[in-house]
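In what follows, a structure is listed as structure tokens, so that the remarks can point back to it.
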Amino acid sequence: YGGAQTSEDYLNVLVGSAFGTPMGALAVDISQAQTNLKAGSSQGQSLRLSYSKNILSTGSNFSVGAYRFSSRGYLDFASAMQLLDAEQAGLDTSTLSRPRSRLSFTADQRVGERGRIWFTGFTQNYWNQPGQDIQYQMGYTTQIGRVSLGFNLSRSRSGLAEMQTTELFTVSMPIGFGS
């Protein structure tokens, strides 16, 4: 597979390969990005490895190791646009984060006929910032008739900040009374 993302001062080209095995699906891709800044061009590469497995008989699904490593000059689209905007505004661009590596994990499990429990998490560090971002969430969703219920517990930290906890309970139902 492959693709490209482009803007006035940005170009990112990606190529990769994915294949299924009896043990799960594996993928590897590499992208090359170039951002044209006032001080010159920032360019770099990002390598991503991932593994996924879906076990239909148990209703389990997980993805481990969506691991990404980026060289110092690599900027994804959002980071590049943020940097270009800061440059245009005359702000100090050295304080903007440049991601280095990221490891993520996702798992979900069917519970009964209509329920699902899930867990996601990631950790990320930066070339030019101390500490690391950490976030993990777990939740449960179910449906009773036409009403959907959900509970989500999240813990997160950015850089060297303190961990924060967020709890969320949701109820969703149609308002109309027709079919």
Return the set of residues passing side-chain contact (heavy atoms from CB on, under 4.5 Å) with [X] (not counting sequence neighbours), or none when no residue passes.
| X | value |
| --- | --- |
| Ser101 | Tyr67, Phe69, Asn125 |
| Leu149 | Thr142, Ile144, Val147, Phe169, Val171 |
| Thr6 | Leu11 |
| Leu14 | Tyr1, Asp29, Ser31 |

| task | Keeping to residues at least two apart or across chains, list the side chain to side chain donor-acceptor pair (under 3.5 Å) pairs with something in residues 89-100. | result |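 Sorted pair list: Ser42-Arg98, Asp92-Ser94.
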| task | Provide the full list of side chain to side chain donor-acceptor pair (under 3.5 Å) pairs with a residue in residues 110-119, sequence neighbours left out, each pair given once. | result |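 Those involving residues 110-119 are Asp108-Arg116.
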Kindly say whether [Y] contributes a backbone atom to a donor-acceptor pair with the side chain of [X] at under 3.5 angstrom?
| X | Y | answer |
| --- | --- | --- |
| Lys53 | Ser60 | no |
| Ser71 | Gln45 | yes |
| Ser7 | Asp9 | no |
| Gln34 | Asn12 | no |

| All ring-ring contact (aromatic ring centres under 6.0 Å, His included) counterparts of Tyr10, not counting sequence neighbours |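 With sequence neighbours excluded, Tyr10 shows a ring-ring contact (aromatic ring centres under 6.0 Å, His included) to Phe77, given in chain and number order.
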| With sequence neighbours excluded, what pairs up with Tyr136 under the ring-ring contact (aromatic ring centres under 6.0 Å, His included) test? |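 Applying ring-ring contact (aromatic ring centres under 6.0 Å, His included) to Tyr136 gives none.
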Inspect the surroundings of [atom1] in [X] and state if more than 12 heavy atoms from other residues, nucleotides or ligands are less than 6.0 Å away.
| X | atom1 | value |
| --- | --- | --- |
| Met163 | CE | yes |
| Met138 | CE | no |
| Gln164 | CD | no |

Tell me yes or no: between the side chains of [X] and [Y], is some donor less than 3.5 Å from an acceptor?
| X | Y | result |
| --- | --- | --- |
| Gln135 | Asp133 | no |
| Ser70 | Ser46 | yes |
| Gln137 | Asn152 | yes |

Value rounded to 0.5 Å, distance of [atom1] in [X] from [atom2] in [Y]:
| X | Y | atom1 | atom2 | result |
| --- | --- | --- | --- | --- |
| Ser79 | Leu84 | OG | CG | 11.0 Å |
| Thr58 | Gln109 | OG1 | CD | 5.0 Å |
| Gln5 | Asp76 | CD | CG | 8.5 Å |

In one Ile/Leu/Val/Met/Phe/Trp/Tyr side-chain cluster, 4.5 Å: [X], [Y]:
| X | Y | result |
| --- | --- | --- |
| Tyr140 | Phe119 | no |
| Phe105 | Tyr51 | yes |
| Leu96 | Leu75 | yes |

| task | Give every residue pair that meets the ring pair (Phe, Tyr, Trp, His ring centres under 6.0 Å) criterion with at least one member in residues 14-33, sequence neighbours excluded. | result | none
| said: Listing request: all salt bridge (Lys or Arg N to Asp or Glu O under 4.0 Å) pairs with a residue in residues 155-174, at least two apart in sequence or in separate chains. | reply: none
| query | Given a cutoff of under 4.5 Å between side-chain heavy atoms of I, L, V, M, F, W and Y, with clusters grown through shared members, what are the other residues clustered with Phe122? | reply |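 Grouped by the 4.5 Å side-chain rule, Phe122 forms a cluster of one, so the answer is none.
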| query | So Gln82 and Asp85, side chain to side chain contact (heavy atoms under 4.5 Å, CB included) or not? Walk me through it. | reply | CA-CA 5 Å; Gln82 187 179 28; Asp85 286 347; 5.9 Å; no
| message | Under the rule for side-chain hydrogen bond (donor to acceptor under 3.5 Å, both in side chains), what residues qualify as partners of Gln43, not counting sequence neighbours? | response | none
| said: Does Ile55 form a side chain to side chain contact (heavy atoms under 4.5 Å, CB included) with Asn61? I'd like the steps, not just the answer. | reply: CA-CA 6 Å; Ile55 306 169; Asn61 183 28; over 6 Å; no
